[in-house]
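Since the structure comes first, as structure tokens, the remarks are kept for the end.
Computation of the quantities below employed the complete heavy-atom set of this structure, encompassing side-chain atoms and omitting hydrogens, waters and symmetry-equivalent molecules. By convention here, the first residue in the shown sequence is residue 1.
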Amino acid sequence: MLSATFKTSARLHFALTTGHSLRSVSLRQFHRSLKCQEHYLNADAKTFDKVALNPSASDKVVLVDFYADWCNPCKMISPLLEKLTSDATVKTGSGRLLDLVTVDTDAEFDLAAKYQVRALPTVIAFRDGQKVDQFVGALNEGGIRQFLAKL
């Protein structure tokens, strides 16, 4: 005998158990578009490798924000990066969408050393799993947009 379990809403369950027809139950359907941009905040080395070094993500550019909690310029640039990467209309010069990975250099010292992060904030762009460009220091929104236009 084959049995199946279905997840039902309370209203549908009531209609089924009391013998009411399904026509009398109004079921709402929700539509949700897929999120184009992803944010990976406080990423560890494993998450960094999975996201930034992924050569199969050819439709995106991954911005990696190396920061520290004690760094005041980091506190200025991080909200701008989150704002720009959350906006679906902001794309790179090549038309690719953006993902954001933030890496706390105090927690992931080896990862920061691997990419020769010597000053904070350092933002490195990865495309097709390869490092393509970077900037060091806190840029204003216009400066970040110019950087993105080059990618």
Where Arg96 and Asp59 come nearest, the two heavy atoms and their spacing: CB-O, 3.5 Å

Side chain Thr102, main chain Asn42, donor-acceptor under 3.5 Å: yes

side-chain contact (heavy atoms from CB on, under 4.5 Å), paired with Lys60, selected from Val51, Asp99, Asp128: Asp99

Common cluster, Val64/Leu111, ILVMFWY with side-chain heavy-atom separation under 4.5 Å: yes

Shortest non-hydrogen contact between Asp104 and Ala68, atoms and distance: OD1-CA, 4.0 Å

Check: Leu63 and Leu151 side chains under 4.5 Å, non-hydrogen atoms: yes

Derivation and outcome, side chain to side chain contact (heavy atoms under 4.5 Å, CB included), residues Tyr40 and Val62: CA-CA 10 Å; Tyr40 302 88; Val62 178; over 6 Å; no

Atom pair CZ/CG of Arg145 and Asn140 - distance to nearest 0.5 Å: 10.5 Å

Closest approach of His39 to Ser86 (non-hydrogen atoms, all atoms of both residues): CE1-OG, 2.9 Å

Leu100 side chain reached by Asp65 side chain, heavy atoms, under 4.5 Å: yes

Verify same cluster id: Val117, Met76 (apolar side-chain graph, 4.5 Å): no

Shared hydrophobic cluster, Val103 / Val123 (ILVMFWY, side-chain heavy atoms < 4.5 Å): no

Plane angle bin for Phe126 and Phe48 - parallel if under 30°, tilted between 30 and 60°, otherwise perpendicular: perpendicular

Shortest non-hydrogen separation from Ile77 to Ala138 and the atoms involved: CD1-CA, 4.1 Å

CG on Leu81 to CZ on Phe147, rounded to 0.5 Å: 9.5 Å

ILVMFWY network linking Leu98 to Val132, side-chain heavy atoms under 4.5 angstrom: yes

Interatomic spacing from CD in Gln116 to NZ in Lys131 - rounded to 0.5 Å: 6.5 Å

Backbone of Leu148 reached by a side-chain donor or acceptor of Thr92 within 3.5 Å: no

Non-hydrogen side-chain atoms of Pro121 and Ser78 separated by less than 4.5 Å: no

Closest contact, heavy atoms only, Leu84 versus Val90: O-CB, 3.5 Å

Step-by-step side chain to side chain contact (heavy atoms under 4.5 Å, CB included) determination, Trp70 to Leu120: CA-CA 10 Å; Trp70 49 262; Leu120 296 176; 4.0 Å; yes

Summary of salt bridge (charged side-chain N to carboxylate O under 4.0 Å, His left out) pairs that have at least one residue in residues 75-89, sequence neighbours excluded: Lys83-Glu141

